[in-house]
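Here, residue 1 is the first one in the sequence, and each next residue gets the next number. Predicted model, so just to flag it, every value in this text is computed and none were measured.
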Amino acid sequence: MSTLAGKVAVVTGGAQGIGRAIVERMLDSGAAVAIWDRDGKLAEETASELIGRGRIEVFAVDVTDLAAVEGARDATLDTFERIDILVNNAGISGPNKPTWEYPAKDWNQVMAINLTGAFHCCRAVVPSMIERNYGRIVNVASVAGKEGNPMAAAYSAAKAAVIGMTKSIGKDVAGTGVLVNCVTPAPIDTPMVAGLSESHLQYMLSRVPLARLATPDEAATLVLYLASEAMSFSTGAAFDLSGGRLTY
Ligand code: NAD
(Lines give C-alpha, C1' and ligand atoms only; values in the text may rest on other atoms or scores of the structure.)
Protein backbone atom coordinates (compact mmCIF):
# COMPACT_ATOMS: atom_id res chain seq x y z
CA MET A 1 0.00 0.00 0.00
CA SER A 2 1.07 3.59 -0.52
CA THR A 3 3.19 5.21 2.12
CA LEU A 4 2.63 8.54 3.82
CA ALA A 5 5.99 8.57 5.59
CA GLY A 6 6.88 12.12 6.61
CA LYS A 7 3.49 13.57 5.71
CA VAL A 8 1.24 15.57 8.06
CA ALA A 9 -2.48 14.92 7.82
CA VAL A 10 -5.51 16.71 9.27
CA VAL A 11 -8.59 14.53 9.62
CA THR A 12 -11.79 16.32 10.64
CA GLY A 13 -14.25 14.20 12.60
CA GLY A 14 -11.41 11.80 13.31
CA ALA A 15 -12.59 10.83 16.80
CA GLN A 16 -14.81 7.95 15.66
CA GLY A 17 -16.34 6.13 12.70
CA ILE A 18 -14.83 6.58 9.24
CA GLY A 19 -12.61 9.41 10.45
CA ARG A 20 -11.03 7.20 13.10
CA ALA A 21 -10.42 4.43 10.52
CA ILE A 22 -8.73 7.02 8.29
CA VAL A 23 -6.59 8.23 11.20
CA GLU A 24 -5.52 4.65 11.94
CA ARG A 25 -4.60 3.89 8.32
CA MET A 26 -2.66 7.15 8.06
CA LEU A 27 -0.70 6.50 11.25
CA ASP A 28 0.09 2.96 10.05
CA SER A 29 1.29 4.46 6.75
CA GLY A 30 3.73 6.75 8.51
CA ALA A 31 1.86 10.06 8.62
CA ALA A 32 1.66 12.34 11.65
CA VAL A 33 -2.02 13.06 12.26
CA ALA A 34 -3.97 15.99 13.69
CA ILE A 35 -7.55 15.13 14.63
CA TRP A 36 -9.87 18.11 14.31
CA ASP A 37 -13.11 17.17 16.07
CA ARG A 38 -15.74 19.07 18.03
CA ASP A 39 -15.85 16.21 20.54
CA GLY A 40 -12.49 16.93 22.14
CA LYS A 41 -12.97 14.38 24.93
CA LEU A 42 -13.69 11.49 22.56
CA ALA A 43 -10.88 12.62 20.26
CA GLU A 44 -8.44 12.59 23.22
CA GLU A 45 -9.58 9.07 24.13
CA THR A 46 -9.08 7.95 20.53
CA ALA A 47 -5.65 9.55 20.37
CA SER A 48 -4.57 7.91 23.62
CA GLU A 49 -5.59 4.51 22.21
CA LEU A 50 -3.59 5.12 19.03
CA ILE A 51 -0.52 6.87 20.42
CA GLY A 52 1.69 3.80 20.03
CA ARG A 53 1.05 3.77 16.28
CA GLY A 54 2.54 7.17 15.45
CA ARG A 55 2.47 10.89 16.18
CA ILE A 56 -1.04 12.11 16.85
CA GLU A 57 -2.43 15.37 18.29
CA VAL A 58 -5.96 16.53 18.99
CA PHE A 59 -7.33 19.98 18.25
CA ALA A 60 -10.88 20.43 19.54
CA VAL A 61 -12.69 22.48 16.90
CA ASP A 62 -16.18 22.92 15.53
CA VAL A 63 -15.74 23.16 11.75
CA THR A 64 -18.79 25.43 11.45
CA ASP A 65 -16.79 28.21 13.14
CA LEU A 66 -14.30 29.74 10.66
CA ALA A 67 -12.30 31.58 13.35
CA ALA A 68 -11.98 28.33 15.33
CA VAL A 69 -10.88 26.46 12.19
CA GLU A 70 -8.24 29.13 11.52
CA GLY A 71 -7.12 28.76 15.14
CA ALA A 72 -6.82 24.97 14.71
CA ARG A 73 -4.88 25.53 11.48
CA ASP A 74 -2.43 27.86 13.24
CA ALA A 75 -2.03 25.48 16.20
CA THR A 76 -1.49 22.53 13.83
CA LEU A 77 1.14 24.45 11.85
CA ASP A 78 2.84 25.47 15.10
CA THR A 79 2.98 21.82 16.16
CA PHE A 80 3.74 20.06 12.86
CA GLU A 81 5.13 22.95 10.70
CA ARG A 82 3.00 22.03 7.70
CA ILE A 83 -0.18 20.33 6.53
CA ASP A 84 0.20 17.99 3.53
CA ILE A 85 -3.17 16.27 3.69
CA LEU A 86 -6.64 17.50 4.63
CA VAL A 87 -9.51 15.03 4.93
CA ASN A 88 -12.85 16.79 5.31
CA ASN A 89 -14.77 13.98 6.97
CA ALA A 90 -16.74 15.67 9.79
CA GLY A 91 -20.43 15.34 9.06
CA ILE A 92 -23.88 14.56 10.41
CA SER A 93 -26.83 12.90 8.71
CA GLY A 94 -29.61 15.01 10.27
CA PRO A 95 -33.15 13.74 10.74
CA ASN A 96 -35.00 11.55 8.21
CA LYS A 97 -38.19 13.45 7.39
CA PRO A 98 -40.06 14.56 4.27
CA THR A 99 -38.97 18.01 3.13
CA TRP A 100 -42.19 19.73 4.24
CA GLU A 101 -41.68 18.47 7.80
CA TYR A 102 -37.90 18.98 7.85
CA PRO A 103 -37.03 21.43 10.65
CA ALA A 104 -35.31 24.53 9.24
CA LYS A 105 -32.79 24.53 12.09
CA ASP A 106 -31.73 20.96 11.17
CA TRP A 107 -31.44 21.98 7.50
CA ASN A 108 -29.11 24.81 8.52
CA GLN A 109 -27.04 22.58 10.80
CA VAL A 110 -26.62 19.81 8.20
CA MET A 111 -25.47 22.42 5.67
CA ALA A 112 -23.22 24.16 8.19
CA ILE A 113 -21.33 21.01 9.18
CA ASN A 114 -21.23 18.94 5.98
CA LEU A 115 -20.75 21.74 3.45
CA THR A 116 -19.68 25.00 5.08
CA GLY A 117 -17.38 23.14 7.48
CA ALA A 118 -15.52 21.56 4.56
CA PHE A 119 -15.32 24.97 2.87
CA HIS A 120 -13.92 26.55 6.05
CA CYS A 121 -11.20 23.91 6.31
CA CYS A 122 -10.24 24.22 2.62
CA ARG A 123 -10.20 28.02 2.90
CA ALA A 124 -7.98 27.87 5.97
CA VAL A 125 -5.53 25.21 4.81
CA VAL A 126 -5.13 25.61 1.03
CA PRO A 127 -2.91 28.75 1.08
CA SER A 128 -0.20 26.97 3.10
CA MET A 129 -0.39 24.01 0.69
CA ILE A 130 -0.03 26.29 -2.35
CA GLU A 131 2.94 27.98 -0.68
CA ARG A 132 4.67 24.60 -0.42
CA ASN A 133 3.50 23.39 -3.86
CA TYR A 134 2.02 20.24 -2.40
CA GLY A 135 -1.29 19.10 -0.98
CA ARG A 136 -3.91 16.39 -1.08
CA ILE A 137 -7.48 17.16 -0.05
CA VAL A 138 -10.11 14.43 0.23
CA ASN A 139 -13.71 15.41 0.91
CA VAL A 140 -16.09 12.76 2.21
CA ALA A 141 -19.35 13.18 0.26
CA SER A 142 -21.99 10.42 -0.16
CA VAL A 143 -24.09 8.51 -2.68
CA ALA A 144 -26.86 10.77 -1.37
CA GLY A 145 -25.16 13.66 -3.17
CA LYS A 146 -25.43 11.88 -6.51
CA GLU A 147 -28.79 10.13 -6.19
CA GLY A 148 -30.68 12.09 -3.51
CA ASN A 149 -31.91 9.84 -0.70
CA PRO A 150 -35.59 10.16 0.23
CA MET A 151 -36.27 11.76 3.62
CA ALA A 152 -32.84 13.35 3.52
CA ALA A 153 -33.09 16.54 1.46
CA ALA A 154 -30.59 18.53 3.52
CA TYR A 155 -27.99 15.75 3.64
CA SER A 156 -28.39 14.99 -0.09
CA ALA A 157 -28.14 18.68 -0.99
CA ALA A 158 -25.12 19.23 1.24
CA LYS A 159 -23.27 16.22 -0.18
CA ALA A 160 -24.14 17.20 -3.79
CA ALA A 161 -22.68 20.61 -2.97
CA VAL A 162 -19.53 18.99 -1.56
CA ILE A 163 -19.09 17.20 -4.90
CA GLY A 164 -19.57 20.50 -6.76
CA MET A 165 -17.19 22.32 -4.42
CA THR A 166 -14.59 19.58 -4.93
CA LYS A 167 -14.80 20.02 -8.71
CA SER A 168 -14.49 23.79 -8.36
CA ILE A 169 -11.58 23.90 -5.91
CA GLY A 170 -9.79 21.22 -7.95
CA LYS A 171 -9.74 23.72 -10.82
CA ASP A 172 -8.90 26.70 -8.56
CA VAL A 173 -5.69 25.02 -7.44
CA ALA A 174 -4.79 23.14 -10.63
CA GLY A 175 -1.08 23.47 -11.34
CA THR A 176 -0.15 24.33 -7.74
CA GLY A 177 0.66 20.79 -6.63
CA VAL A 178 -2.57 20.58 -4.66
CA LEU A 179 -5.06 17.89 -5.74
CA VAL A 180 -8.65 17.86 -4.48
CA ASN A 181 -10.96 14.87 -4.76
CA CYS A 182 -13.98 13.40 -3.01
CA VAL A 183 -15.43 9.99 -2.25
CA THR A 184 -19.10 9.06 -2.49
CA PRO A 185 -19.76 6.17 -0.08
CA ALA A 186 -22.92 4.12 0.31
CA PRO A 187 -23.79 3.25 3.96
CA ILE A 188 -20.83 2.35 6.14
CA ASP A 189 -21.03 0.61 9.50
CA THR A 190 -20.46 3.55 11.90
CA PRO A 191 -22.22 5.29 14.82
CA MET A 192 -23.85 7.62 12.26
CA VAL A 193 -25.60 4.68 10.57
CA ALA A 194 -26.54 3.19 13.95
CA GLY A 195 -28.57 6.36 14.49
CA LEU A 196 -30.63 5.99 11.27
CA SER A 197 -34.17 4.64 11.30
CA GLU A 198 -34.46 0.93 10.40
CA SER A 199 -36.66 1.70 7.36
CA HIS A 200 -34.17 4.28 6.05
CA LEU A 201 -31.27 1.84 6.47
CA GLN A 202 -33.20 -0.97 4.75
CA TYR A 203 -34.03 1.36 1.84
CA MET A 204 -30.37 2.23 1.41
CA LEU A 205 -29.17 -1.38 1.64
CA SER A 206 -31.78 -2.51 -0.89
CA ARG A 207 -30.04 -0.26 -3.43
CA VAL A 208 -26.57 -1.77 -2.94
CA PRO A 209 -25.78 -4.72 -5.27
CA LEU A 210 -23.16 -6.03 -2.84
CA ALA A 211 -26.02 -6.04 -0.28
CA ARG A 212 -24.10 -5.04 2.83
CA LEU A 213 -22.71 -2.08 4.68
CA ALA A 214 -19.14 -1.12 3.88
CA THR A 215 -16.63 -1.19 6.73
CA PRO A 216 -14.89 2.03 7.86
CA ASP A 217 -11.59 0.41 6.87
CA GLU A 218 -12.80 -0.09 3.28
CA ALA A 219 -13.52 3.64 3.14
CA ALA A 220 -10.17 4.47 4.71
CA THR A 221 -8.34 2.41 2.08
CA LEU A 222 -9.65 4.57 -0.77
CA VAL A 223 -9.10 7.81 1.17
CA LEU A 224 -5.54 6.74 1.92
CA TYR A 225 -4.82 6.31 -1.79
CA LEU A 226 -6.37 9.67 -2.66
CA ALA A 227 -4.28 11.29 0.09
CA SER A 228 -1.03 9.79 -1.17
CA GLU A 229 1.71 11.16 -3.40
CA ALA A 230 1.14 8.13 -5.68
CA MET A 231 -2.22 9.67 -6.61
CA SER A 232 -0.93 12.31 -9.01
CA PHE A 233 -3.28 12.68 -11.99
CA SER A 234 -6.78 13.02 -10.54
CA THR A 235 -8.30 16.25 -9.28
CA GLY A 236 -11.82 17.59 -8.96
CA ALA A 237 -13.07 14.02 -9.18
CA ALA A 238 -15.65 11.94 -7.28
CA PHE A 239 -14.56 8.38 -6.48
CA ASP A 240 -17.15 5.65 -6.05
CA LEU A 241 -17.40 3.63 -2.83
CA SER A 242 -20.90 2.26 -3.14
CA GLY A 243 -20.84 -1.53 -3.48
CA GLY A 244 -22.01 -1.18 -7.06
CA ARG A 245 -24.91 1.23 -6.37
CA LEU A 246 -23.68 4.18 -8.38
CA THR A 247 -23.49 3.78 -12.13
CA TYR A 248 -21.90 7.12 -12.93
P1 NAD B 1 -19.81 9.58 12.85
O2 NAD B 1 -21.04 10.25 13.39
O3 NAD B 1 -19.50 8.19 13.30
O4 NAD B 1 -18.53 10.50 13.14
C5 NAD B 1 -18.55 11.86 12.79
C6 NAD B 1 -17.45 12.59 13.54
O7 NAD B 1 -17.51 13.97 13.13
C8 NAD B 1 -17.60 12.56 15.06
O9 NAD B 1 -16.36 12.30 15.69
C10 NAD B 1 -18.10 13.97 15.39
O11 NAD B 1 -17.75 14.41 16.70
C12 NAD B 1 -17.45 14.78 14.30
N13 NAD B 1 -18.16 16.04 14.03
C14 NAD B 1 -19.49 16.19 13.82
N15 NAD B 1 -19.78 17.48 13.66
C16 NAD B 1 -18.61 18.17 13.77
C17 NAD B 1 -18.27 19.55 13.72
N18 NAD B 1 -19.20 20.49 13.54
N19 NAD B 1 -16.98 19.90 13.85
C20 NAD B 1 -16.02 18.95 14.05
N21 NAD B 1 -16.29 17.64 14.14
C22 NAD B 1 -17.58 17.25 14.00
O23 NAD B 1 -19.96 9.66 11.26
P24 NAD B 1 -19.37 8.68 10.11
O25 NAD B 1 -20.41 7.70 9.77
O26 NAD B 1 -18.01 8.23 10.48
O27 NAD B 1 -19.31 9.72 8.90
C28 NAD B 1 -18.15 10.42 8.55
C29 NAD B 1 -18.39 11.11 7.21
O30 NAD B 1 -18.76 10.14 6.23
C31 NAD B 1 -19.54 12.12 7.23
O32 NAD B 1 -19.19 13.23 6.43
C33 NAD B 1 -20.68 11.35 6.61
O34 NAD B 1 -21.64 12.20 6.02
C35 NAD B 1 -19.95 10.54 5.58
N36 NAD B 1 -20.64 9.35 5.12
C37 NAD B 1 -21.01 8.40 6.03
C38 NAD B 1 -21.67 7.28 5.56
C39 NAD B 1 -22.10 6.21 6.51
O40 NAD B 1 -22.89 5.36 6.10
N41 NAD B 1 -21.62 6.18 7.74
C42 NAD B 1 -21.97 7.12 4.20
C43 NAD B 1 -21.56 8.11 3.32
C44 NAD B 1 -20.90 9.22 3.79
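- Atom CZ in Arg20 sits 10.0 Å away from atom CD in Glu45 (nearest 0.5 Å).
- To the nearest 0.5 Å, atom CG of residue Leu222 and atom CG of residue Asp217 are 12.0 Å apart.
- Of the possible polar contacts, none joining the Lys146 side chain to the Leu246 backbone as a donor-acceptor pair under 3.5 Å is found.
- Rounded to the nearest 0.5 angstrom, Thr116 OG1 and Gln109 CD are separated by 11.5 Å.
- Nearest approach of Ser156 to Asn149, heavy atoms of both residues: OG-N, 3.0 Å.
- With rounding to the nearest 0.5 angstrom, the CG atom of Asp37 is 8.0 Å from the OG1 atom of Thr12.
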Check your understanding: Hey, mind stepping through Leu27 and Ile56 against side-chain contact (heavy atoms from CB on, under 4.5 Å) and telling me if it holds?
Key -> CA-CA 8 Å; Leu27 289 171; Ile56 182 167; 4.1 Å; yes

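- Asp65 CG to His120 NE2: the interatomic distance, rounded to the nearest 0.5 Å, is 8.0 Å.
- The backbone N or O of Pro95 sits nowhere less than 3.5 Å from a side-chain atom of Asp106 that would complete a donor-acceptor pair.
- Atom CD of Glu81 sits in a sparse spot, with 12 or fewer heavy atoms from other residues, nucleotides or ligands closer than 6.0 Å.
- When each of Val11, Asn88, Val58, Val69 is checked for a side-chain contact (heavy atoms from CB on, under 4.5 Å) with Trp36, only Val69 meets the rule.
- Val10 places none of its side-chain heavy atoms less than 4.5 Å from the side chain of Val125.
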**Study point:** Audit row: Ile83, Thr76, side-chain contact (heavy atoms from CB on, under 4.5 Å) steps and yes/no
**Key:** CA-CA 8 Å; Ile83 298 170; Thr76 302; 3.9 Å; yes

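- In the hydrophobic cluster analysis, where Ile, Leu, Val, Met, Phe, Trp and Tyr join through side-chain heavy atoms closer than 4.5 angstrom, Phe239 is grouped together with Leu179.
- Between Arg53 and Asp28, at least one side-chain nitrogen of the basic residue sits less than 4.0 Å from a carboxylate oxygen of the acidic one, meeting the salt-bridge criterion.
- Counting heavy atoms from C-beta outward, Leu226 and Val183 have side chains that approach closer than 4.5 Å.
- Side-chain contact between Tyr102 and Val110: present, with at least one pair of heavy atoms (C-beta onward) separated by less than 4.5 Å.
- Counting heavy atoms from C-beta on, the side chains of Thr215 and Asp189 never come closer than 4.5 Å.
- The closest side-chain heavy-atom distance from Pro103 to Lys97 is below 4.5 Å.
- By the 4.0 Å N-to-carboxylate-O rule, Glu218 lies close enough to Arg212 to be salt-bridged with it.
- Under the 4.5 Å side-chain heavy-atom criterion for Ile, Leu, Val, Met, Phe, Trp and Tyr, Met231 and Val87 are members of the same hydrophobic cluster.
- A 6.0 Å sphere centred on OH of Tyr248 holds more than 12 heavy atoms belonging to other residues, nucleotides or ligands.
- Within the 4.5 Å cutoff, the side chain of Met129 has heavy atoms near those of the Leu86 side chain.
- Looking at Ser228, its side chain does come within 3.5 Å of a backbone N or O of Tyr225 through a donor-acceptor pair.
- Nearest heavy atoms, Ala15 versus Thr46: O-OG1, 2.6 Å.
- Between the side chain of Asn89 and the backbone N or O of Gly13 there is at least one donor-acceptor pair closer than 3.5 Å.
- Salt-bridge formation is detected for the pair Asp84/Arg82: a Lys NZ or Arg NE/NH1/NH2 atom is positioned less than 4.0 Å from an Asp or Glu carboxylate oxygen.
- Each of Val193 and Val140 belongs to its own hydrophobic cluster when Ile, Leu, Val, Met, Phe, Trp and Tyr are linked at side-chain heavy-atom distances under 4.5 angstrom.
- Side-chain atoms of Asn181 and Ile137, non-hydrogen and from C-beta on, never get closer than 4.5 Å to each other.
- Nearest heavy-atom pair, Ile188 versus Ala219, reported as atom, atom and distance to 0.1 Å: CD1-CB, 3.7 Å.
- When each of Arg55, Lys7, Met26, Arg25 is checked for a side-chain contact (heavy atoms from CB on, under 4.5 Å) with Val33, only Met26 meets the rule.
- Of all the heavy atoms in Ser242 and Val143, the pair that sits closest is CB-CG1, 3.6 Å.
- Leu213 and Leu210 fall into different hydrophobic clusters, defined by Ile, Leu, Val, Met, Phe, Trp and Tyr side-chain heavy atoms under 4.5 Å apart, directly or through other members.
- Residues Thr79 and Leu77 have side chains not in contact (no heavy-atom distance under 4.5 Å, counting atoms from C-beta outward).
- Rounding to the nearest 0.5 Å places CZ of Arg38 at 6.5 Å from CD1 of Ile92.
- The two residues Ala34 and Phe59 come nearest to each other via the heavy atoms CB-CE1, 3.7 Å.
- Under a 3.5 Å cut-off, the side chain of Ser168 and the backbone N or O of Gly164 do not form any donor-acceptor pair.
- Glu70 and Ala124 make their closest contact through CG-CB, 4.2 Å (heavy atoms, listed as atom of the first residue, atom of the second, distance).
- The pair Arg245-Glu147 counts as a salt bridge, with a side-chain nitrogen and a carboxylate oxygen less than 4.0 angstrom apart.
- When hydrophobic clusters are built by joining Ile, Leu, Val, Met, Phe, Trp and Tyr residues whose side-chain heavy atoms come closer than 4.5 Å, directly or via intermediates, Val138 is not grouped with Val8.
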